[in-house]
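Data first, discussion second: the structure below is written as structure tokens.
The residues of the chain are indexed from 1 along the displayed sequence.
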Amino acid sequence: MVTNTSGKKKTAVARATVREGAGRVRVNAQPVELTEPELARLKMLEPFRVVENDLREGVDVDVSVEGGGFSGQADAVRTAIARGLVEFTNDAELRDA
């Protein structure tokens, strides 16, 4: 199953694709671990703090983001990932969280 979602913050737009996989998260074709500054990386990964760890290990997330500054892009990526995880799992409890 593949899920496509988007997130916006100011002028930044992020499009995320969530599919079954091995736990890889890529932003603009680079691993999220290489994202700088660290504050932006932590903000992008916030949705994974809410979900169970086995869900994080079971999905691959590819995000493309453009426009805005690094903070707006981080918020847009966070929104896109969160929406993608909710849609992928179809879980009402996760949506509320």
Would you name the heavy atoms of Arg24 and Asp60 that are closest together and state the gap between them?
N-OD1, 3.0 Å
Would you find a donor on one side and an acceptor on the other, under 3.5 Å apart, between the side chain of Arg56 and the backbone of Val51?
no
Is there a path of hydrophobic side-chain contacts, each under 4.5 Å between heavy atoms of I/L/V/M/F/W/Y residues, joining Val77 to Val50?
yes
Considering all heavy atoms, the nearest Gly67-Ala12 contact
O-CB, 3.4 Å
What closest approach, in Å, do Ala40 and Ala74 show between heavy atoms, and which atom pair accounts for it?
O-CB, 3.8 Å
Hey, quick one: are Leu34 and Met44 part of the same hydrophobic cluster, counting side-chain heavy atoms closer than 4.5 Å, chains of contacts allowed?
no
Any Arg19 side-chain heavy atom under 4.5 Å of Asp62 side chain
yes
Tightest non-hydrogen contact, residues Leu85 and Pro47, listed as CD1-CB, 4.1 Å
Main chain of Gly58, side chain of Glu20: is a donor-acceptor contact present, judged purely on distance under 3.5 Å?
no
I want to check something: taking the side chain as every heavy atom from C-beta on, are Thr17 and Arg15 in contact at a cut-off of under 4.5 Å?
no
Separation between CG of Leu55 and CZ of Phe88, rounded to the nearest 0.5 Å
7.5 Å
Would Leu45 and Phe70 show up in the same hydrophobic cluster when neighbours are defined by side-chain heavy atoms closer than 4.5 Å?
no
Gap separating the CD atom of Gln73 from the CG atom of Asn28, nearest 0.5 angstrom
7.0 Å
Check Glu33 with Arg41, please: is the shortest side-chain N to carboxylate O separation under 4.0 Å?
no
Val13 with Val61, same ILVMFWY side-chain cluster at under 4.5 Å:
no
Quick one: does Phe48's side chain get under 4.5 Å of Ile81's, heavy atoms only?
yes
How far does CD of Glu66 sit from OG1 of Thr11, to the nearest 0.5 angstrom?
10.0 Å
For the hydrophobic clusters of this structure (ILVMFWY residues joined by side-chain heavy atoms under 4.5 Å, transitively), does one cluster hold both Met1 and Val18?
yes
Worked verdict on Asp75 versus Lys43 for side chain to side chain contact (heavy atoms under 4.5 Å, CB included):
CA-CA 7 Å; Asp75 281 337; Lys43 190 174 279 194; 2.8 Å; yes
Atom CD of Glu57 with >12 non-hydrogen neighbours under 6.0 angstrom
yes
Val63 to Ala14 - nearest heavy-atom pair and separation
CG1-CB, 4.0 Å
